[in-house]
Amino acid sequence: MKSFILKGDIAYSISKERTEYLENAYLVCEDGVSKGVFRSLPEEYAHLPLSDRTGKLIIPGLVDLHIHAPQFAYRGLGMDMELLDWLNAYAFPEEAKYNDLAYAERAYTIFSQAMKNCATTRACVFSTLHKDATVLLMEQLEYSGIVSYVGKVNMDRESPESYKEASAEESLKSTREWIEETKGRFENTYPIITPRFVPSCTGELLKGLSELSEEYALPVQSHLSENPSEVELVRTLEPLCPFYGAVYEKYALFGGDKKTVMAHCVYSSDEEIRLMKQNGVYIAHCPASNMNVSSGIAPVRKYLDADLHIGLGSDVAGGQTESLFSTIVEAVQNSKLYWRVVDQKYPPLRFEEAFYLATKGGGSFFGKVGSFEEGYEFDALVFDDSRIRHPQKLSLPERLERLVYLGGDRRCMKEKYVRGTQIDLDE
Ligand code: GUN
Ligand code: FE
């Protein structure tokens, strides 16, 4: 059923400055696309079936611009190191296990069930180096019902022998095979070109990936300016490039006609920021990860004020949880620390700005996604927030903020819709 009406208390972002709140309103879905939110139901939609969710809170689905599927198995573990040591001690050994398809199947079943049941409706996902395990992950995610970009990871240098591709040529060959096998095969799951980050990719590999991205018209995802020792390593490896992002730019993997999302941007220089703005590069802000692997505090207010494209990422397992409600809270907290500790020129984010980042901000990477305005793809979540009891009547803005801060995605989510299709949530 892709044409129907939900009636309830509805909240969604129009822009980073403006959030709409309508109590007892009608949200109309026609063929998987929103026709808008109405205080009284227009006659032309009166024939559609109506699901009465009076008293429930309805918001757009949430967008995770950066998550590592193979790291889901060790989320909440190994929080005792900073980025580069953490990659070597935990991420690479765990990811190496996905060479074993039986292990990949067990682990990705757990991951995709989590994606199905959480508040995320869209995600940009890193897989591992392995082509077959990546195909398996895509099959699992398709089954979950969410919409995702999934990337086979590429690494041909500065990585352990047990988790590295033999050469740029080998890496490109298996990437091409993976694209051929998966492109156009799924309704909701698409390939995305995924050089892990500059330290793990030679120029030859980046050049080849850029060509593949052009040939198949695929978007790009990677990491950028995340951690001081990583930024320093890039400076040593690529001394001729004036800043980290310039390496991706050199190989045409940095926005422009290639839709690109870069995770972190904690240490982006003014030049790097200018280039991201000019090229329309998306930033995936991952505050939990930035704390857990001691990366730092990203200047999100600066990016918002400069009108860069920006959304949120859970970055599991740098981030401990797939919950984007947690990420919204952490984004606000991160911005408060930036203001207090780093630079008082940049005031903290308001809750509604972080809510915008998790919905419409990141959503635009997927097209018209993350809002209920007319023409937006219909991704929606329904919550019974009466389960979080309160002695007084709360306003709708208060209910939304409280729902997010108190982990209502785990406690109160009742229904989830993606492109107008209701997901059959497990209890
Ligand atoms: N940089 C390169 N790989 C990774 C990763 O797996 N996680 C994080 N947080 N940063 C990275
Ligand atoms: Fe990451």
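Remember, it's 1-based here, ligands and their atoms both numbered in the order they're listed.
Atom NZ of K207 is surrounded by 12 or fewer heavy atoms from other residues, nucleotides or ligands within 6.0 Å.
Residue-level proximity to ligand 1 for S289 is carried by the side chain, the only part with a heavy atom below 4.0 angstrom. Proximity of L83 to ligand 1, defined as any heavy-atom pair under 4.0 Å, is confined to the side chain (atoms from C-beta onward). Within the 4.0 Å heavy-atom criterion, the part of W86 lying near ligand 1 is the side chain and not the backbone.
For E230, the heavy-atom gap to ligand 1 stays at 4.0 angstrom or more.
Nearest to atom 5 (C) of ligand 1 by heavy atom, out of L84, L87, V198, is L87.
In terms of distance to the Fe ion (ligand 2), the nearest N, O or S atom of D315 is named OD1.
For atom 6 (O) of ligand 1, the nearest non-hydrogen atom of the protein is R196 NH2, 2.7 Å. Counting protein heavy atoms only, atom 8 (C) of ligand 1 is closest to E226 OE2, 3.5 Å.
Annotation: cation-pi geometry not satisfied between R402 and Y405 (NZ/CZ under 6.0 angstrom from ring centroid, within 45° of ring axis).
Looking only at side-chain heavy atoms (C-beta outward), I67 and F111 come within less than 4.5 Å of each other. Using a 4.5 Å heavy-atom threshold, the side chains of Y267 and P228 count as touching.
Using a cutoff of 4.0 Å between basic side-chain nitrogens and carboxylate oxygens, E95 and R196 are scored as salt-bridged. One finds a salt bridge joining E139 and R185 here, because a Lys/Arg side-chain nitrogen approaches an Asp/Glu carboxylate oxygen to under 4.0 Å.
There is no side-chain donor-acceptor pair under 3.5 Å between S200 and E158.
For the atom pair CZ (R122) and CG (L62), the distance works out to 12.0 Å, reported to the nearest 0.5 Å.
Near H68, with a cut-off below 4.0 Å to any heavy atom, the atoms of ligand 1 are 5 (C), 6 (O), 7 (N). Distances below 4.0 Å separate heavy atoms of H264 from the following atoms of ligand 1: 9 (N). Close approach of ligand 1 to D315 (heavy-atom distance below 4.0 Å) involves ligand atoms 8 (C), 9 (N).
For C286, every N, O or S atom stays at 2.8 Å or more from the Fe ion (ligand 2).
Looking only at distances, a side-chain donor or acceptor of T194 sits under 3.5 Å from a matching main-chain atom of I192.
The angle subtended at the Fe ion (ligand 2) by NE2 of H68 and NE2 of H223 is 100°, given to the nearest 10°.
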